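If you're wondering where the values come from, they're calculated on a predicted model, not measured in any experiment. Below, chains carry the letters A, B, ... as their sequence lines are ordered, and counting in each starts from 1.
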There are 2 protein chains.
Amino acid sequence: MRPETREKILRAIAELNFTPERAAQRLRAKASHVVAVILPDIANPFFSLLARGVESLAAERGYCTLICDSDNSCEKELQNLNLLSTEGLDGAVLVPVSSPDRARLQRLAQEGLKIVIADRRVQGYPEIGAANAEGSYELTSYLLMLGYRRVGYLAGPTGVSTAEDRLAGFEESMTVHGVTPLAIVRGDFTYESGRRLSLKMLREKEPDAIIAANDLMAIGALRAGESRGLLAPGDIGVAGFDHVPWTQLIVPELTSVRIPSFEIGQEAMALLAKQLGGASDVAGKVFATELVRGATTRRVRGGKTGTSGTRGHRQGGLGRSHA
Amino acid sequence: MRPETREKILRAIAELNFTPERAAQRLRAKASHVVAVILPDIANPFFSLLARGVESLAAERGYCTLICDSDNSCEKELQNLNLLSTEGLDGAVLVPVSSPDRARLQRLAQEGLKIVIADRRVQGYPEIGAANAEGSYELTSYLLMLGYRRVGYLAGPTGVSTAEDRLAGFEESMTVHGVTPLAIVRGDFTYESGRRLSLKMLREKEPDAIIAANDLMAIGALRAGESRGLLAPGDIGVAGFDHVPWTQLIVPELTSVRIPSFEIGQEAMALLAKQLGGASDVAGKVFATELVRGATTRRVRGGKTGTSGTRGHRQGGLGRSHA
DNA sequence: TTGTATGCGTTATCAC
DNA sequence: GTGATAACGCATACAA
């Protein structure tokens with residue numbers, strides 16, 4: 001169009017302070033440019049970081065993000081999924097509470113809704129998550145290398161892929177190194193379950209190390225040990241998974257496998273945007289994990305220090321906080 | 001209408017699996033039934049709890065909640081506010097980063113958008129928050145009662161009402177008890193600022209107690225003390241504000257003033273719903289705080305134990321977490 | 001009780 | 001380059 005015409009239009013827009021009405025645009029376009037991220041618990045730092053990852057990329061791509069909390073309930077998760085069609089959203093990044101309702105997902109897909117699953121694996125959907133098994137293998141091998149032998153494992157809930165993968169990685173490393181697991185018990189990813197199960201294990205099995213499927217349970221193990229006079233890393237080694245910024249406030253610093261939740265969120269949203277753009281060659285992505293050698297496990301023989309092993313002037317990571 | 005007619009309609013709805021299209025409804029109703037909660041940082045447990053409070057009540061009232069993260073940036077906050085009119089939302093619960101753009105808020109109000117401010121006080125808006133000054137007064141008095149005298153204070157940023165109120169409560173209690181503050185310095189609510197300022201204070205002033213304007217800074221003080229060989233509660237008393245569930249993982253258990261963030265979120269949403277319903281007699285609400293007597297301050301003389309002072313079997317509060 | 005017409009604000013299309 | 005018109009799906013108001 002002619003620049004002069006263009007100018008005239010822009011001037012008119014400014015004069016009448018015209019704002020296009022989204023509702024009308026949606027009505028015609030049959031697209032809302034709003035996506036949701038549905039997750040088990042927004043109050044969990046791991047997930048809120050993931051949500052921020054989704055949101056950051058969504059904003060970049062011109063999408064608005066709706067954060068939906070399933071409150072760890074499959075029923076609420078279903079309600080949230082229903083919101084998708086009800087509210088006329090374009091799609092969603094879903095972190096399922098456990099195994100999601102496959103039939104419901106199919107029906108939503110038939111309605112034209114794009115859904116990307118993040119962090120946890122679900123059959124038939126591209127995987128966007130971390131290399132949990134590999135990270136777990138590395139962690140376990142590290143503890144064995146440090147000399148721990150009577151190793152107990154606090155697993156996560158059955159059926160949750162992250163929990164299963166981490167357990168598998170643990171078992172494989174133990175097998176490869178010819179060590180038999182002292183005990184394997186199932187928790188539910190809460191601090192309380194970690195503490196309770198650890199107390200029992202400490203009483204009955206006398207482990208010299210406990211690996212937990214997430215940091216919260218690992219902290220439970222740490223405190224359980226302390227309450228029985230067992231201090232890490234000397235009396236007992238403790239390690240977990242996640243390494244969100246907040247766990248850095250724990251003393252002693254936890255040995256842990258970092259799962260890049262922010263990046264997982266970003267990647268999931270990137271994939272969703274691609275699908276919304278009409279792409280169908282959806283490929284997942286599995287992020288590498290990072291072993292953080294903390295102070296809840298012994299130092300390597302010979303006194304070498306791990307990369308992140310020194311406490312002290314840790315810059316950043318905790319961001320500005322509240323009041 | 002006749003029950004028989006009604007039946008016919010419902011059957012038709014079921015047969016054609018008819019779903020009303022929100023976009024069209026909005027277009028006519030000029031209301032989206034979607035509200036936003038805009039907050040400084042969703043990755044901060046204090047705010048994510050608040051967001052859950054908002055969301056829980058919103059769902060109850062038939063509203064959909066959009067969680068917007070300002071990333072502690074006034075600019076992003078403004079963008080989020082603009083989203084309100086852009087996306088055609090009905091209103092928002094706003095937790096401002098610092099002093100919000102009053103003019104912008106006014107303009108949004110003129111557009112018919114209802115905005116409720118939560119946690120932090122802004123002139124001209126009903127206050128929905130906690131009794132920060134009173135809680136701070138109580139906390140300070142408690143420390144003085146325990147015998148601490150050389151008390152330093154880590155304040156929050158200037159201009160943030162919660163920070164100012166807590167500082168005022170501290171100063172008043174000190175004055176009333178005839179004790180002069182050892183030092184008052186300003187931090188920015190981060191762990192790092194708490195640690196850095198505490199190190200300086202410990203070196204220069206030799207305090208026997210440090211009160212911080214939030215838990216994160218208090219934890220910084222705790223760690224700063226430890227790094228100089230000063231252990232709480234004997235060598236130095238430490239206390240803060242917030243007491244979100246996650247701080248319970250810190251050892252030793254922090255003495256802290258609990259701010260009911262979930263309830264604040266709920267109340268803010270309740271007010272918003274009222275306003276959206278056409279009410280104009282908007283009255284705020286100020287929640288009482290709760291003094292949590294932890295292990296980072298001395299026990300009361302005579303060996304009595306505070307209500308929450310015993311560690312150990314703390315049930316709940318941490319909810320299920322992740323993987 | 002039922003049917004029909006109209007408008008909400010955009011955008012796409014077509015004739016000018 | 002411009003202007004008019006239809007259609008998106010729903011809610012309402014009015015007529016039959």
Side-chain angles (χ1 to χ4, degrees), chain A residues 1-36 58-59 61-66 79 81-92 107-114 273 275-278, chain B residues 1-36 58-59 61-66 79 81-92 107-114 273 275-278:
Chain A
M1 95 178 38
R2 222 182 330 172
E4 144 194 340
T5 317
R6 177 187 188 70
E7 176 61 29
K8 210 160 45 171
I9 292 176
L10 290 171
R11 194 146 37 82
I13 287 181
E15 256 171 52
L16 310 174
N17 60 42
F18 166 89
T19 342
E21 182 114 351
R22 302 292 288 205
Q25 292 183 318
R26 288 180 194 182
L27 186 57
R28 262 202 72 78
K30 288 171 175 296
S32 61
H33 261 223
V34 177
V35 299
R61 294 276 206 281
Y63 289 91
C64 212
T65 311
L66 201 63
Q79 282 180 17
L81 283 171
N82 289 337
L83 268 188
L84 293 187
S85 51
T86 289
E87 288 298 317
L89 306 195
D90 289 355
R107 288 188 47 202
L108 289 173
Q110 281 171 355
E111 289 182 37
L113 281 161
K114 307 297 182 191
Q275 289 192 26
L276 291 173
Chain B
M1 91 177 42
R2 221 181 334 174
E4 144 195 340
T5 317
R6 179 188 188 70
E7 175 62 28
K8 208 158 50 170
I9 293 176
L10 290 171
R11 195 147 35 84
I13 287 182
E15 256 171 52
L16 310 173
N17 59 41
F18 166 89
T19 341
E21 182 115 349
R22 302 291 287 206
Q25 291 183 318
R26 288 181 194 184
L27 186 58
R28 261 201 72 73
K30 289 172 176 293
S32 62
H33 260 225
V34 178
V35 299
R61 294 276 207 281
Y63 288 92
C64 212
T65 312
L66 201 63
Q79 282 180 17
L81 283 171
N82 290 337
L83 268 188
L84 294 187
S85 50
T86 289
E87 288 298 316
L89 307 195
D90 290 355
R107 287 187 49 202
L108 289 174
Q110 282 172 353
E111 289 183 37
L113 280 161
K114 308 297 181 190
Q275 288 192 26
L276 290 173

Out of curiosity, A/Leu66 CG to A/Glu87 CD, how far, rounded to the nearest 0.5 Å? 7.5 Å

How does DNA chain D look in dot-bracket form if you count Watson-Crick and G-U pairs under 3.5 Å, write [ ] for pairs that cross, and put | where a base pairs with another strand? ||||||||||||||.|

Just verifying a value: how many Å separate B/Ile9 CD1 and B/Arg6 CZ, rounded to the nearest 0.5 Å? 8.0 Å

Given protein heavy atoms under 4.0 Å, the one-letter contact record of nucleotides 7-16 of chain C, with B base, S sugar-phosphate only and - none, is simply BBBBBS----

How close do B/Asp90 and B/Ser32 get, heavy atom to heavy atom, and via which atoms? OD1-N, 2.8 Å

Between OG1 on residue A/Thr86 and NE2 on residue B/His33, distance to nearest 0.5 Å: 13.5 Å

Hey, could you give me the CG/CZ distance between A/Leu16 and A/Arg11, rounded to the nearest 0.5 Å? 11.0 Å

Approximate separation, where rounding is to 0.5 Å, of B/Arg26 CZ and B/Leu89 CG: 8.0 Å

Considering all heavy atoms of both residues, which atom of A/Thr65 and which atom of A/Ala58 are nearest to each other, and what is their separation? OG1-CB, 3.2 Å

d(CZ, B/Arg26; C1', D/dC8) in whole Å: 15 Å

Identify whether any heavy atom of A/Arg2 sits under 4.0 Å from a base atom; if not, whether one sits that close to sugar-phosphate; answer base, sugar-phosphate or nothing. sugar-phosphate

How far does CD of A/Glu21 sit from NZ of B/Lys30, to the nearest 0.5 angstrom? 5.5 Å

